[in-house]
Amino acid sequence: MQPNLFDSLHQQPAKFGYLEELNEVQRAAVETTEGPVMIIAGPGSGKTRVLTYRIAHLINTGKAPWNILSLTFTNKAAREMQERITAIAGTEASGKLWMGTFHAIFARILRIEAATLGYPVNFSVYDAEDTKSLLKTIISELNLNPDYYKPNVAYNRISNAKNNLITPAMYAKSDDIRLTDAAANLPRMPDIYTRYANRCRQAGAMDFDDLLLNTYHLLYQHPDIAQKYQHRFKYLLVDEFQDTNSAQYAIIKKLAEPHRCICVVGDDAQSIYAFRGATIENILNFQRDYPEAAVFKLEQNYRSTRKIVEVANRVIAANNRQINKSIWTQNDDGHNIQLLNAASDTEEARMVVDSIYIDRLRLHFKNEDFAILYRTNAQSRAFEEELRRKGIAYRVYGGVSFYQRKEVKDLMAYLRLTVNPHDEEALRRIINYPTRGIGNTTVGKIAAMANQEQVSLWTVITTPALRTQLPKAAQESVGGFAKMMLYFADLLQRKNAYELAQIIGSQTGLLKELSEDKTVEGISRYENLQELLNSIKEFIDEKLAETPQEPNTLPDASLGAYLQGVSLLTDLDSDDDESGKVKLMTVHTAKGLEFPCVYVVGLEEGLFPSMMASKNVQELEEERRLFYVAVTRAKQKLHLSMAACRYRYGELQYSTPSRFIDEVASVHMETVGAKPKPGGFGNSGAYQGFKDSNSGITDNARRIKEQQLKQQRNTPPPQLPPNFKPSDTSKLQGGEAVIHQRFGQGKVVSIDGVGDKRLAVILFDTEGEKRIVLKFAQLMIVKE
DNA sequence: CCCAGCCTGGTTTTT
DNA sequence: CCAGGCTGGG
């Protein structure tokens with residue numbers, strides 16, 4: 001095992017003490033600061049440590065921190081790294097590093113260079129919802145058959161093209177693409193793409209992929225600008241290199257052109273983002289583009305027990321396409337891998353939570369040591385319910401984030417439109433919300449004119465010659481709306497982001513409307529808006545306290561800067577208190593994280609691996625890598641779990657054990673809670689499944705499921721803790737509930753969750769009609 | 001133009 | 001099962 005930082009500080013000159021913490025390969029990777037470097041790093045091999053120390057080492061050997069650009073995959077990874085560097089090199093230096101996700105860093109560059117590309121400084125960033133909504137508009141404008149032309153499909157195709165640096169013009173010219181589109185009954189895709197790109201430009205908006213594509217164009221078409229950033233970023237570091245796409249690689253290659261000090265860290269076995277355009281080819285390309293590159297392989301695993309490492313190797317051995325490498329460890333054997341085998345999804349949840357209970361007791365794990373990892377977000381629900389029932393605090397990562405809530409997006413749309421009036425999606429969203437008599441017909445007319453004149457919707461409503469072509473009544477309401485927005489834009493000069501947001505909230509009637517809504521939904525929506533306002537205030541305070549990144553620059557605390565930052569935040573980034581909570585997330589989200597005790601759940605054929613991925617070998621192999629990522633998150637204890645049947649779309653469906661279990665079942669595996677049946681279920685011999693060799697499922701499983709449903713109906717609802725006072729925001733024992741202040745005391749009558757949106761509610765019955773609602777953590781409230 | 005209430009379609013992962 | 005679209009009455 002590696003000595004810790006504290007020990008080594010006592011033995012070494014403090015400045016380079018960190019080098020003593022590294023093994024030979026790691027140390028070489030850290031000390032090779034000049035020239036191209038590729039680090040192939042297996043899971044748990046100290047990758048983050050190497051990256052961190054490498055940066056610290058660069059600083060300690062006299063390189064200027066603002067000459068270092070470090071690209072990570074998540075904001076969280078960037079933040080953690082920054083903290084660790086601060087610990088070694090001090091705040092002074094670490095604050096000046098350029099560190100963040102590709103998207104965040106490029107957005108910052110694009111903001112600075114917007115004028116060159118013909119974009120406004122405060123360009124909008126369209127999220128997936130905005131993008132799909134715009135595509136939908138375009139599809140209907142082109143009068144295309146909605147049976148074939150679906151916003152989702154169009155989005156994927158366009159996104160794919162952009163990730164491969166294909167512009168609309170190139171798209172229209174490519175024979176390959178024409179054939180694929182024709183085969184899918186989508187011959188008009190080139191028109192959609194062209195129109196989409198024009199509309200974004202007109203709206204001064206970029207989607208996620210544009211942040212990469214436009215950076216690419218910026219650097220490749222403007223040598224002076226490229227030179228400026230090449231000069232600034234003398235040392236490049238790229239984390240999770242296996243998950244970069246063509247656009248990202250082209251950009252970093254350009255940045256590294258003159259100095260070639262580029263260090264990429266990755267693991268082909270953990271490439272799980274091919275669906276987003278990531279390509280392992282980049283690893284090969286790197287060796288071709290930088291033949292002089294020093295290559296380091298980190299194969300020793302410091303994270304997991306030997307048994308876990310062995311299972312992991314077994315998982316990946318089933319793949320054909322891979323770089324030859326196997327991870328090994330000196331760690332103890334550790335616990336056996338436990339295979340949980342349940343009759344249904346609810347029983348699966350029950351078994352997992354029971355197991356958490358037991359491990360907490362016997363092995364002294366804490367709540368925060370556990371992670372439940374699943375393939376799809378929708379799977380979280382059963383586990384949430386069970387955790388709540390058993391009174392274990394939890395936090396779900398991913399899924400619908402705060403910034404995707406309707407009311408939050410509404411206010412955000414006003415803010416966006418204030419800083420960038422041409423933002424079409426923001427305008428459409430709120431031009432008639434709250435209602436001011438501008439219906440679909442009117443908006444349609446405005447859009448038609450905008451199309452004809454090749455201008456934005458905002459230009460139409462603010463240009464007298466165009467506006468007067470609308471019906472009289474519409475002219476008036478539209479004029480009022482424009483006047484209001486102009487007023488807000490004017491305030492932008494004199495008010496800070498927080499003040500302005502508050503003014504907008506009250507003047508548009510948005511806050512008022514929600515505060516008057518005394519239904520449970522209304523109250524929580526109102527609170528969410530308050531929370532949004534608070535987050536803006538926090539942003540400003542934080543920004544103003546920050547040390548500027550480079551000499552002679554000022555922190556950007558404008559509304560535009562806020563909006564841009566927020567648009568790239570994910571749910572993983574909220575600085576929620578994580579202590580004392582079991583963590584629930586998808587395997588994708590878990591990438592780069594580690595947990596003492598991991599449950600990989602829903603291991604059924606068609607779910608994990610996803611049924612979407614069973615079409616070809618490449619996709620199946622990616623699923624296997626995903627499974628590899630999942631099992632290698634575990635430090636001490638690993639559980640694999642599956643259910644014989646589960647509910648989908650309200651119907652009972654039977655499932656068969658995942659082939660992945662078959663592939664690893666012979667290694668250190670013990671079955672827990674299985675109910676061996678006469679005649680023998682399953683076919684691997686190492687576990688007892690519920691699979692029947694012919695029909696796929698036994699009647700017994702069905703019977704168990706039905707009994708369970710009955711029992712569930714008879715389970716008493718959660719009870720209030722003793723001495724509970726509804727007047728304060730006390731914590732309810734049953735899972736992180738906060739009592740809403742406004743209501744009197746009552747009795748819990750029901751508890752409800754709504755799908756993968758994870759909306760949860762407890763209803764109280766007080767005298768007769770009146771009902772109370774408990775709000776779970778930050779989750780919201782729905783129906784009665 | 002707005003709202004409530006029925007009906008239908010969707011089945012993956014995310015910056 | 002659930003969300004978003006569509007319809008028909010105010």
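Throughout, protein chains are lettered first and strands after them, A, B, ... in sequence-line order, and every chain is numbered starting at 1.
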Does OP1 or OP2 of [N] have a side-chain N or O of [X] closer than 4.0 Å?
{"X": "A:K150", "N": "B:dG10", "answer": "yes"}
{"X": "A:R375", "N": "B:dT14", "answer": "no"}
{"X": "A:S610", "N": "B:dT11", "answer": "no"}
{"X": "A:N377", "N": "B:dT14", "answer": "yes"}

Contacts of [X] that satisfy salt bridge (charged side-chain N to carboxylate O under 4.0 Å, His left out) - sequence neighbours left out:
{"X": "A:R201", "value": "none"}
{"X": "A:K253", "value": "A:D289"}
{"X": "A:E476", "value": "none"}
{"X": "A:E619", "value": "none"}

Between A:Y229, A:F233, A:F106, which is the residue that forms a ring-ring contact (aromatic ring centres under 6.0 Å, His included) with A:W98?
A:F233
Can I get a per-line list of side-chain donor-acceptor pairs under 3.5 Å for residues 270-278 of chain A, giving both atom names and the distance, sequence neighbours left out?
{"residue": "A:Q270", "atom": "OE1", "partner": "A:R633", "partner atom": "NH2", "Å": "3.1"}
{"residue": "A:Q270", "atom": "NE2", "partner": "A:D267", "partner atom": "OD2", "Å": "2.8"}

The residue, A:F208 or A:N152, whose nearest nucleotide of DNA chain B is more 5′ is A:N152
Interatomic distance at P, C:dG4 relative to B:dT13, whole Å:
16 Å
Scan A:F102 against the nucleic acid and name what it touches under 4.0 Å (heavy atoms): base, sugar-phosphate only, or nothing.
nothing
Counting the atoms with a prime plus P, OP1 and OP2 as sugar-phosphate, which does A:T376 contact under 4.0 Å by heavy atoms, base, sugar-phosphate, or nothing?
sugar-phosphate
Residues passing the ring pair (Phe, Tyr, Trp, His ring centres under 6.0 Å) test with A:Y562, sequence neighbours excluded, are A:F539
Quickly work out the [X] [atom1] to [N] [atom2] distance and round it to whole Å.
{"X": "A:Q248", "N": "B:dT15", "atom1": "CD", "atom2": "P", "result": "12 Å"}
{"X": "A:E605", "N": "B:dT11", "atom1": "CD", "atom2": "C1'", "result": "16 Å"}
{"X": "A:K132", "N": "B:dT15", "atom1": "NZ", "atom2": "P", "result": "14 Å"}

Check every atom of C:dC1, B:dT12, B:dT15 against the side chain of A:M612 and return the nucleotide holding the closest atom.
B:dT12
Scan nucleotides 1-6 of chain B against the protein and return all N/O pairs shorter than 3.5 Å with their distances rounded to 0.1 Å.
{"residue": "B:dC1", "atom": "OP1", "partner": "A:G439", "partner atom": "N", "Å": "2.5"}
{"residue": "B:dC1", "atom": "OP1", "partner": "A:T442", "partner atom": "OG1", "Å": "3.4"}
{"residue": "B:dC1", "atom": "OP2", "partner": "A:T441", "partner atom": "OG1", "Å": "2.9"}
{"residue": "B:dC2", "atom": "OP1", "partner": "A:N432", "partner atom": "ND2", "Å": "3.3"}
{"residue": "B:dC2", "atom": "OP2", "partner": "A:N432", "partner atom": "ND2", "Å": "2.9"}

Polar atom pairs between nucleotides 5-10 of chain C and protein, under 3.5 Å, N or O only, would you list them?
{"residue": "C:dG5", "atom": "OP1", "partner": "A:K136", "partner atom": "NZ", "Å": "2.5"}

Should A:F241 and A:I280 count as side-chain neighbours, where that means a heavy-atom distance under 4.5 Å?
no
Identify every side-chain donor-acceptor pair in residues 433-441 of chain A under 3.5 Å, counting partners at least two apart or on other chains, and give the distances.
{"residue": "A:R436", "atom": "NH1", "partner": "A:I430", "partner atom": "O", "Å": "2.8"}
{"residue": "A:R436", "atom": "NH1", "partner": "A:I431", "partner atom": "O", "Å": "2.9"}
{"residue": "A:R436", "atom": "NH2", "partner": "A:Y414", "partner atom": "OH", "Å": "2.9"}

Do we see A:F275 stacking on the base of B:dT12, given a limit of 5.5 Å between centres and 30° between planes?
no
